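Everything below concerns the one structure shown next.
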Number of protein chains: 2
Amino acid sequence: MATKVKECSSNAYNLQVLATSCEVNEVLEKIGSRWKMQILHSIAHGTQQFSTLKKAFPSLSDQVLGKRLKELVEYGLINKAIVEDTVPPQTIYSATSKGTALLSIIHDLHMWGMKEWD
Amino acid sequence: MATKVKECSSNAYNLQVLATSCEVNEVLEKIGSRWKMQILHSIAHGTQQFSTLKKAFPSLSDQVLGKRLKELVEYGLINKAIVEDTVPPQTIYSATSKGTALLSIIHDLHMWGMKEWD
DNA sequence: CCGCATCCCTTTGGATACTG
DNA sequence: CAGTATCCAAAGGGATGCGG
């Protein structure tokens, strides 16, 4: 959004370098929240219900899960669909193409991390 | 380190998926701290002194900068060299190959973010 | 020039409990 | 089953000021 103020410096320095390094923060802050990428990953791999996600991450609390799901939907990384013709109605989450594209980069990051740190 | 306890779930679920999604967090938490990637990026592009980094990011305080630099050194992403034969002695930071490799992934992430969000 | 110590404030994540 | 409301503890980041 053009309205968002980016409070990075500029001052007669290498603008190109700074502009680039500035925006990285925004991306990292958006995807870096705890559990977010794991949740996205799990959804993309078939864990698509609230309850199953809870089981998958026992140390993750309900409201954090709810919060993350909401953010992921807002960012357009996952879709939320409600299946009405079951009792009770089910909510199904699925990764969007945007989410899948992000995951492939996150996967590279993960591979790098494992190679360097494990 | 093998001593680090990974408190992710497992329980008869898809172990492969969970193991993968678990470790992503560690990587993200290591590199996701505010300013860290920007600092790494700036160092890799020639801003290699404490004072010039400060000028590059006016809204970044000294002790956060110091902390980040320390972490980056600990992770082996940058090197710290002290030039003794100048007065006063200079401290020069430079990116390691490990740091450069990480930056290329971060760059992809940045490109993705700009494409999707800006 | 290169940082660290201290204090403080904001943000984030989690526990408990309750609804449609 | 799928969440939300409220409260709380912990961590992270920043301001100020000082030392090597």
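Quick note on labels: first sequence line is chain A, next is B, and so on, each numbered from 1. Computed from a prediction, not measured in an experiment: that's the story for all the values here.
Contact check, A/Arg34 against C/dG14: a side-chain N or O comes under 4.0 Å of OP1 or OP2. Close to D/dG3, at under 4.0 Å from its OP1 or OP2, lies a side-chain N or O of A/Tyr93. Not one side-chain nitrogen or oxygen of A/Trp35 sits closer than 4.0 Å to the OP1 or OP2 atom of C/dT12. A close approach under 4.0 Å does not occur between any side-chain nitrogen or oxygen of A/Gln90 and OP1 or OP2 of D/dA2.
Salt-bridge check for A/Lys30 with A/Glu71: failed, with every basic side-chain N at 4.0 Å or more from each acidic carboxylate O.
Closest contact between the side chain of A/Ser61 and the listed nucleotides C/dG14, D/dG3, C/dC4 involves C/dG14. In the set C/dC2, C/dG14, D/dA2, C/dC2 carries the atom at the smallest distance from any side-chain atom of B/Thr91. For A/Lys70, counting side-chain heavy atoms from C-beta on, the closest listed nucleotide (C/dG13, D/dT4, D/dG14) is D/dT4.
The nearest whole Å value for the distance from the CG atom in B/Asp62 to the C1' atom in D/dC18 is 12 Å. Atom NZ of A/Lys67 and atom P of C/dT11 are 11 Å apart (whole Å). Following rounding to the nearest Å, A/Leu65 (CG) and C/dG13 (P) show an atom-to-atom distance of 13 Å. Rounded to whole Å, atom C1' of C/dG13 lies 13 Å from atom NZ of A/Lys36. One atom, CG of B/Leu28, and another, P of C/dG13, lie 12 Å apart when rounded to the nearest Å. For the pair A/Glu29 CD and D/dG13 C1', the interatomic distance rounds to 11 Å; values are reported in whole Å. The interatomic distance linking A/Ile82 (CD1) with D/dG3 (C1') rounds to 11 Å, in whole Å. Atom CD1 in B/Ile43 sits about 14 Å away from atom C1' in C/dC2, given to the nearest Å.
Atom NZ of A/Lys98 sits in a crowded spot, with more than 12 heavy atoms from other residues, nucleotides or ligands closer than 6.0 Å.
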Practice task
Mind running side-chain contact (heavy atoms from CB on, under 4.5 Å) on B/Trp35 and B/Ser59 for me, showing each step along the way?
Solution key: CA-CA 10 Å; B/Trp35 300 110; B/Ser59 52; 3.5 Å; yes

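Between A/Arg68 and B/Lys54, the one whose closest nucleotide on DNA chain C sits nearer the 5' end is B/Lys54.
Residue A/Lys80 is classed as a sugar-phosphate contact, given heavy-atom separations below 4.0 Å to backbone atoms only.
Remark: the B/Gln63 side chain and the D/dA15 base include a donor-acceptor N/O pair separated by less than 3.5 Å.
Side chain of A/Thr52 to backbone of A/Thr47: no donor-acceptor contact under 3.5 angstrom is found.
Within the 4.5 Å cutoff, the side chain of B/Glu26 has no heavy atoms near those of the A/Trp117 side chain.
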